[in-house]
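Okay, structure first, notes after.
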Amino acid sequence: MPERTLLEGTAILQLISDTPSGGTAIVLRRPEAPPFVVMGDDTEEGFSRLRRGAIAYGVAELYQAMPRDMLRDGHILHVRGDHRPARVDKAGSIFGPKPEKLWVPLDDDGRPFGRMRVPIPSLQRPAFVEFALHGEGDGDVLEYRLDGEARFGEGYICPYCGKLCPRKEPHTAAHGVAGHTHAGVTAGQDDGGPAPQTGPLEVGGHHGAGAQL
């Protein structure tokens, strides 16, 4: 299959509801999490984000169901024909509780992305995994497979707000604690050691506390 563009996911949106829309996960392409999400057009239900602020890198964004008429126009992510249902391997390891349904955005020409990058929980340095498109299954469901190990990207994750920044300063100074490198370290007492790893994933050949993907 010819290589196509890379989908750089910024977050995973998880929709919480007792209706069929509940248990849905959406790979977000935008730099900011939308306040509201609507699945399709003909629905009386929408979803509202449960917190404010910047996206916390590698942390799922939770959305609670609410009546559609309570959603404000102009602040809604509509999951329509520009998204497709998908299946991925290692879904439980990457997305937390395995989603019953997963939707991924298409490129600007309405075609599936050849590769998909998904952020995963990490401290200080942003970590991610990539999936490669391996065709289409039943019902136009896209099939993505994990490609390689978890990897580190560029930038710095703020330990207070979780935002991905180009560098530590001046962002952490805005929190009034310039010099912090990770949660639990007192300002001015950083030991200068290596960045904490990402938990159970194998990153750059380093084995975490749990199993490899």
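When reading the values below, keep in mind they use all heavy atoms of this one structure, side chains included, and skip hydrogens, waters and symmetry mates.
Residues Val118 and Phe131 are in side-chain contact: their nearest non-hydrogen atoms beyond the backbone lie under 4.5 Å apart. Using a 4.5 Å cut-off on side-chain heavy atoms (C-beta onward), Glu45 and Thr19 make contact. For the pair Phe152 and Pro126, the minimum side-chain heavy-atom distance is 4.5 Å or more.
Between the CE atom in Met70 and the CZ atom in Phe36 there is a gap of 8.5 Å [rounded to 0.5 Å]. Rounded to the nearest 0.5 angstrom, Arg84 CZ and Leu102 CG are separated by 12.5 Å. Remark: Leu133 CG to Asp147 CG distance equals 12.0 Å, nearest 0.5 Å. From Leu142, atom CG reaches atom CE of Met116 across 9.0 Å, with rounding to the nearest 0.5 Å. Put simply, NZ on Lys163 and SG on Cys158 are 9.5 Å apart, with the number rounded to the nearest 0.5 Å. Rounded to the nearest 0.5 Å, atoms OH (Tyr63) and CG (Leu13) are 4.5 Å apart.
Figure legend: Arg117 and Phe128 shown as a cation-pi pair, the cationic atom lying under 6.0 angstrom from the six-membered ring centre and within 45 degrees of its axis.
No chain of hydrophobic side-chain contacts below 4.5 Å, direct or via other Ile, Leu, Val, Met, Phe, Trp or Tyr residues, connects Ile76 to Val79. Transitive grouping of hydrophobic side chains (ILVMFWY, heavy atoms separated by less than 4.5 Å) keeps Leu77 and Ile12 in distinct clusters. Tracing side-chain contacts under 4.5 Å through hydrophobic residues (I, L, V, M, F, W, Y), one reaches Leu15 starting from Ile55; they form part of the same cluster. Leu62 and Leu71 are members of different hydrophobic clusters when ILVMFWY side chains are connected at heavy-atom separations under 4.5 Å. Taken together through direct or relayed side-chain contacts under 4.5 Å among Ile, Leu, Val, Met, Phe, Trp and Tyr, Val104 and Ile120 form part of one hydrophobic cluster.
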Exercise. Would Asp108 and Arg29 count as a salt bridge (charged side-chain N to carboxylate O under 4.0 Å, His left out) if you check the C-alpha gap in whole Å, the side-chain angles of each, and the deciding distance to 0.1 Å?
Worked result: CA-CA 12 Å; Asp108 294 338; Arg29 187 181 174 190; 3.3 Å; yes
For this session: Evaluate the criterion side chain to side chain contact (heavy atoms under 4.5 Å, CB included) for residue pair Ile26 and His83; output intermediate values, then yes/no.
Result: CA-CA 9 Å; Ile26 303 167; His83 286 69; 4.1 Å; yes
Problem set entry | Steps toward side chain to side chain contact (heavy atoms under 4.5 Å, CB included) verdict (Tyr160, Thr172) | CA-CA 8 Å; Tyr160 292 92; Thr172 56; 5.5 Å; no
For this session: Could you go through the salt bridge (charged side-chain N to carboxylate O under 4.0 Å, His left out) check for Arg87 and Glu143 one step at a time?
Result: CA-CA 5 Å; Arg87 281 192 292 264; Glu143 298 280 354; 2.5 Å; yes
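With a 6.0 Å radius and a threshold of 12 heavy atoms from other residues, nucleotides or ligands, Arg145 has its CZ atom at or below the threshold. Counting non-hydrogen atoms of other residues, nucleotides and ligands closer than 6.0 Å to CD of Gln64 gives a total above 12. For Asp18, the CG atom sits in a loose shell: 12 or fewer heavy atoms of surrounding residues, nucleotides or ligands are nearer than 6.0 Å.
At least one donor-acceptor pair closer than 3.5 Å links the side chain of Arg151 to the backbone N or O of Glu149. Between the side chain of Asp107 and the main chain of Asp109, a donor-acceptor pair closer than 3.5 Å is present. Here the side chain of Tyr57 pairs a donor or acceptor atom with the backbone of Ala127 at under 3.5 angstrom. Remark: side-chain polar atoms of Thr5 are not paired, donor with acceptor, to backbone N or O of Phe113 under 3.5 angstrom.
Nearest heavy atom pair, residue Gly114 against residue Tyr144, reads O-CE2, 4.5 Å. Among all heavy-atom pairs drawn from Ala11 and Pro119, the shortest one is N-CG, 4.2 Å. When every heavy atom of Cys161 is checked against every heavy atom of Ala56, the shortest pair comes out as O-CB, 4.0 Å. Of all heavy-atom pairs between Gly162 and Ile157, the closest is O-CG2, 3.7 Å. Nearest heavy-atom pair, Tyr156 versus Lys168, reported as atom, atom and distance to 0.1 Å: CD2-CA, 3.5 Å. Shortest non-hydrogen contact noted between Gly46 and Val38 is CA-CG2, 4.4 Å.
Considering only residues two or more places apart in sequence or on other chains, Arg52 meets the side chain to side chain contact (heavy atoms under 4.5 Å, CB included) condition with none of them.
Here Arg51 pairs with Glu61 in a salt bridge; the nearest charged N to carboxylate O distance falls below 4.0 Å.
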